[in-house]
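Reminder, nothing fancy here: chain letters follow the sequence lines and each chain counts from 1.
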Amino acid sequence: MVNLLNYAQQAQDNAAQELSTGRRVNQPSDDPAAEAAMVQENSLSAAVDQYTANSDSLTDVLNTGDSTLSSVVTLLQRAVTLGVEGANGTNNQTDLNSIAAEVSTIQSQMLSLANTSYAGQYLFAGTATGTAPYVADPTTGAITYVGNGSQNKVQVGTGLSVATNLPGSSIFSQPNDPNTTVFTALQSLITALQSGNSSGITAAEGQVSDSLNAVNTAQVFYGSTVDELTTNENYLAQEKLNITTYENTLVSADTATAAADAAQAQTVLTTTVAATAQIDQQVNLLTYLH
Amino acid sequence: MGLTADLNVSVQSLLASTESMDVTTTNIANQNTPGYARRTVVLEEAAPVDDGASTGVDVKTIQSIRDNVLDLSINAATAQQNLSSTVSSSLSPVQNVFADTAANSIGSTIDAFFSSLQQLSTAPATDSLRAGVLTAAGNVASAFQSTASVVTQAQQQADQSVVQETAQANSLLQQIAATNGEITTAQNLGQSCNSDQDQLSSLLTQLSAIVGYNTVSGSDGLTLTTSDGTPLVVGNKAYALTNQLNQSGFNDVYAGGTDITSTIQGGTLGGYLQSRDQHLATMQTQLDQFAFQFAQAVNTVQTAGSDATGNTGVALFDPPNTTSGTATGAASSISVALTSGSQIAAAASGGASGDNSNLTQMIALQNQSITNGGTPDEAFSNLTFSIGNAISQANTTATATSNILTQLQNQQSSVEGVSLDEESSNLMLYERSYQGAAKVISTIDTLMGNVLDMGVTDPGY
């Protein structure tokens with residue numbers, strides 16, 4: 001009888017714990033296999049959270065790169081327009097000099113854009129993000145690239161990595177002629193304008209135009225990677241939901257069953273207590289032997 | 001046969017009834033005494049008094065109704081039940097640190113460590129993220145240490161209980177040997193030893209709750225041995241149970257100078273030994289290997305890369321900082337060897353300060369089989385399963401043997417136990433037979449009076 005009371009009490013405790021925690025498995029011994037699977041699902045869930053966080057922070061960096069390159073494109077378009085204007089033969093040298101001055105301003109703005117940093121790190125330096133990638137020689141004024149050509153990759157999903165940067169050498173240099181950069185093209189244009197060399201102006205304007213195309217091409221990387229990250233984040237959200245659903249099937253209490261168990265345990269307990277009380281009042285032969 | 005002989009027969013009958021009523025009273029008095037088996041009076045026809053026609057009744061013996069096989073089964077089930085419930089209760093405090101809901105478990109801190117590496121990989125030159133990796137690595141080390149400490153504490157508690165249970169078992173063995181001796185002496189003298197048998201039975205059941213044993217009956221009474229035949233009690237001699245520290249710093253159990261630790265099966269003592277020397281010891285070894293192999297894998301990648309200042313990376317975890325060395329004690333002593341986040345070798349060897357390619361290698365460890373148990377997550381999950389399963393199996397066995405035990409005990413009380421109904425009806429029976437014998441005596445008295453009065457008083461006819 002006492003055993004029965006204990007069982008009923010335990011069944012009731014279990015059901016009550018399930019109902020209050022909402023979990024069928026509250027410790028590893030409740031269901032070792034489910035709990036072991038649960039531990040792994042938690043790891044997967046944490047990984048998905050981190051992939052999502054990675055996607056978020058990369059999106060910020062890539063968007064900064066994208067908008068910087070948009071400014072670069074605007075400036076180069078202006079330089080091309082100025083080159084065409086300088087080459088049309090209607091300008092005197094004074095006009096050409098003032099055009100050259102504007103191109104020179106564009107060149108220094110360009111230097112500043114190419115040395116854009118995000119959170120203290122230079123965006124277009126390859127992986128040498130600690131130093132400004134484009135440096136003007138103090139005497140000659142020639143602008144050279146001191147970054148490297150490396151790309152970082154960051155994991156944003158199981159087996160899925162994206163490149164996080166484009167080195168400046170792949171953006172501001174001509175793909176087929178690495179020595180010709182946005183800066184050398186602009187410098188050629190300035191020099192040609194200042195010397196009033198009309199064919200030189202046309203040639204330099206062509207170089208600036210080629211640089212513009214190169215930057216336009218490079219900019220696609222930023223936009224498409226951000227798109228990829230957005231798609232990936234949607235996928236990660238779905239995966240997170242799948243994990244949560246699976247976790248629920250692993251350890252969650254079936255509320256209806258738990259409630260029924262609790263009720264049944266209560267009934268068993270009540271009847272057992274009543275029966276035990278009856279034993280106390282049970283008669284034996286001695287009762288009748290007076 | 002004469003009236004005198006009849007009188008003798010009746011007196012014998014009175015004595016037999018009195019003795020029977022004594023036994024019944026004793027049974028009723030001891031209905032709740034542990035180890036007590038109900039007794040019955042065995043009556044036999046007495047030898048003829050003179051001419052062979054008149055026989056009375058004799059009390060041949062008073063017998064205890066004891067089912068030895070049933071008693072043995074109960075003691076075996078008691079030993080098994082106590083073993084299982086002790087294993088369960090002594091392992092239970094350990095399982096919570098392996099639960100999926102446990103804060104700062106080894107599993108969750110390793111996940112957080114890899115997350116911090118991932119975060120750093122998005123901006124490898126960021127000081128705060130580098131510091132975050134060191135913090136996360138420190139949390140992994142703390143988790144290993146505190147988990148190892150929980151396991152050690154459980155082992156130490158089990159060890160303390162081993163000492164207490166050994167002392168109790170020792171005291172019971174002394175009492176069993178003494179009682180055993182008394183029974184043998186009484187039997188040799190042809191005396192009744194029912195109450196000694198009751199006591200022995202009670203002592204044996206108490207002993208089986210602490211330690212499992214085998215019994216053999218012989219000329220000098222009961223012999224108790226461990227599972228492999230090492231003697232615990234032979235006749236009236238008990239082999240003293242003592243404790244002696246082994247090289248792990250835990251108490252082994254010796255019987256009369258022989259190490260019987262590994263042969264103890266069953267009972268609470270068996271349960272504490274099983275938890276301490278098997279489940280928890282295995283757990284400790286697995287934790288050490290896990291910590292060692294995890295640290296080794298991380299260090300191997302770390303020392304292959306370059307840190308923020310361009311220096312070759314130095315080991316992140318200590319110990320082990322070399323590929324040699326042993327895993328023993330690794331879980332309880334693992335710590336972070338780096339003092340600054342800048343020492344994390346995020347870059348490939350000779351890589352620029354913003355390079356994250358060595359970090360990528362380190363992150364990849366999360367899905368590599370770098371431990372005996374597989375990936376770090378799998379290794380932790382295996383530990384969760386093994387502790388949960390050990391407790392769950394012990395619980396299942398405890399419940400099953402508890403049910404068997406209840407059945408056996410019910411059976412025992414129906415065979416050996418005192419039934420008030422039965423004793424009451426016996427009491428009535430013996431009372432009636434006493435009354436009957438008394439009536440016969442009174443009739444004989446009247447008859448004898450008649451004979452003696454003959455011719456003295458007027459018969460009235």
Side-chain angles (χ1 to χ4, degrees), chain A residues 3 6-7 21 23 25-47 49-51 53-54 56-58 61 118-122 125-131 147-148 150 152-156 158-159 161 164-165 247 250-251 284-286 288-289, chain B residues 88 91-92 95-96 98-101 105 107-108 110-112 114-115 118-119 121-126 308 347 351-357 360 363-364 366-367 376-378 380-392 394-395 399 402-403 406 419-425 427-428:
Chain A
N3 270 343
N6 286 341
Y7 287 144
T21 62
R23 287 185 54 148
V25 182
N26 287 294
Q27 49 195 4
S29 62
D30 289 344
D31 186 341
E35 186 66 5
M38 189 69 186
V39 164
Q40 294 207 34
E41 288 303 310
N42 277 353
S43 297
L44 283 182
S45 179
D49 286 346
Q50 188 53 47
Y51 293 146
N54 285 356
D56 280 345
S57 46
L58 288 186
V61 180
Y118 180 86
Q121 302 301 311
Y122 293 96
T127 57
T129 56
T131 8
N148 63 27
S150 305
N152 271 340
K153 289 196 165 190
V154 165
Q155 220 181 340
V156 291
T158 312
S161 297
T164 63
N165 67 306
E247 285 187 343
L250 278 177
V251 298
N284 58 42
L285 195 51
L286 284 180
Y288 300 104
L289 292 177
Chain B
S88 169
L91 292 184
S92 277
Q95 69 169 330
N96 293 330
F98 294 98
D100 72 281
T101 47
S105 70
S108 66
I110 286 181
D111 289 342
F114 282 113
S115 283
Q118 294 244 20
Q119 217 174 340
S121 78
T122 64
T126 314
S353 65
D355 179 24
N356 73 358
S357 47
T360 309
I363 290 164
Q366 186 167 22
N367 295 310
D377 288 336
E378 284 166 355
F380 182 69
S381 165
N382 288 345
L383 292 178
T384 303
F385 179 80
S386 65
I387 186 73
N389 198 40
I391 297 171
S392 163
N395 284 344
T399 310
S402 166
N403 289 340
T406 307
S419 152
L420 281 185
D421 288 346
E422 190 181 341
E423 299 306 330
S424 315
S425 72
L427 200 59
M428 282 182 352

Kindly indicate, with the supporting measurements, whether the criterion side chain to side chain contact (heavy atoms under 4.5 Å, CB included) is fulfilled by B:Ile363 and A:Gln50. CA-CA 12 Å; B:Ile363 290 164; A:Gln50 188 53 47; over 6 Å; no

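- Minimum interatomic distance between B:Ser381 and A:Ala36 (heavy atoms only, all atoms of both residues): OG-O, 2.9 Å.
- Residue contact with chain B, scored on non-hydrogen atoms closer than 4.5 Å, is absent for A:Ala53.
- The shortest non-hydrogen separation linking A:Asn42 to B:Asp100 is ND2-O, 3.1 Å.
- Per-residue heavy-atom pair counts under 4.5 Å with chain B were compared for A:Leu44, A:Val251, A:Thr127, and the maximum is reached by A:Thr127.
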Please determine whether side chain to side chain contact (heavy atoms under 4.5 Å, CB included) holds for the pair A:Gln155 and B:Thr360, giving the CA-CA distance in whole Å, both sets of side-chain angles, and the decisive distance to 0.1 Å. CA-CA 8 Å; A:Gln155 220 181 340; B:Thr360 309; over 6 Å; no

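- Judged as a salt bridge (charged side-chain N to carboxylate O under 4.0 Å, His left out), and not counting sequence neighbours, A:Asp30 has no contacts.
- Both the backbone and the side chain of B:Glu378 have a heavy atom closer than 4.5 Å to some heavy atom of chain A.
- Minimum interatomic distance between B:Phe380 and A:Val39 (heavy atoms only, all atoms of both residues): CD2-CG1, 3.1 Å.
- The candidate with the highest count of non-hydrogen atom pairs below 4.5 Å against chain A, out of B:Thr384, B:Ile110, B:Asn367, is B:Thr384.
- Interface remark: A:Tyr122 contributes no atoms to any contact with chain B (heavy atom separation under 4.5 Å).
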So A:Ser43 and B:Asp111, side chain to side chain donor-acceptor pair (under 3.5 Å) or not? Walk me through it. CA-CA 6 Å; A:Ser43 297; B:Asp111 289 342; 2.8 Å; yes

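- B:Thr399 touches chain A through backbone and side chain together, each having a heavy atom under 4.5 Å away.
- Listed by chain and residue number, B:Gln95 satisfy the side chain to side chain donor-acceptor pair (under 3.5 Å) test with A:Ser29 (two or more places apart in sequence, or in another chain).
- In this structure, A:Asn26 CG and B:Thr101 OG1 are separated by 7.5 Å, a value rounded to the nearest 0.5 Å.
- Counting heavy-atom pairs closer than 4.5 Å to chain B, the top-ranked of the candidates A:Asn54, A:Val61, A:Thr158 is A:Asn54.
- Closest approach of A:Gly130 to B:Ser353, counting heavy atoms only: N-OG, 3.8 Å.
- Separating the CG atom in A:Leu58 from the OG atom in B:Ser121 is a distance of 7.5 Å, to the nearest 0.5 Å.
- The backbone N or O of B:Thr122 sits nowhere less than 3.5 Å from a side-chain atom of A:Asn152 that would complete a donor-acceptor pair.
- Ranked by heavy-atom pairs shorter than 4.5 Å toward chain A, the options B:Leu91, B:Asn403, B:Thr126, B:Ile387 are led by B:Asn403.
- Using a 4.5 Å cut-off between heavy atoms, B:Pro376 makes no contact with chain A at all.
- Nearest heavy-atom pair across B:Ser115 and A:Ala46 is OG-O, 4.1 Å.
- Taking OG of B:Ser392 as the start and CD of A:Gln27 as the end, the distance is 10.5 Å to the nearest 0.5 Å.
- Looking at B:Ala125, the atoms closer than 4.5 Å to chain A (heavy atoms on both sides) sit in the backbone and in the side chain alike.
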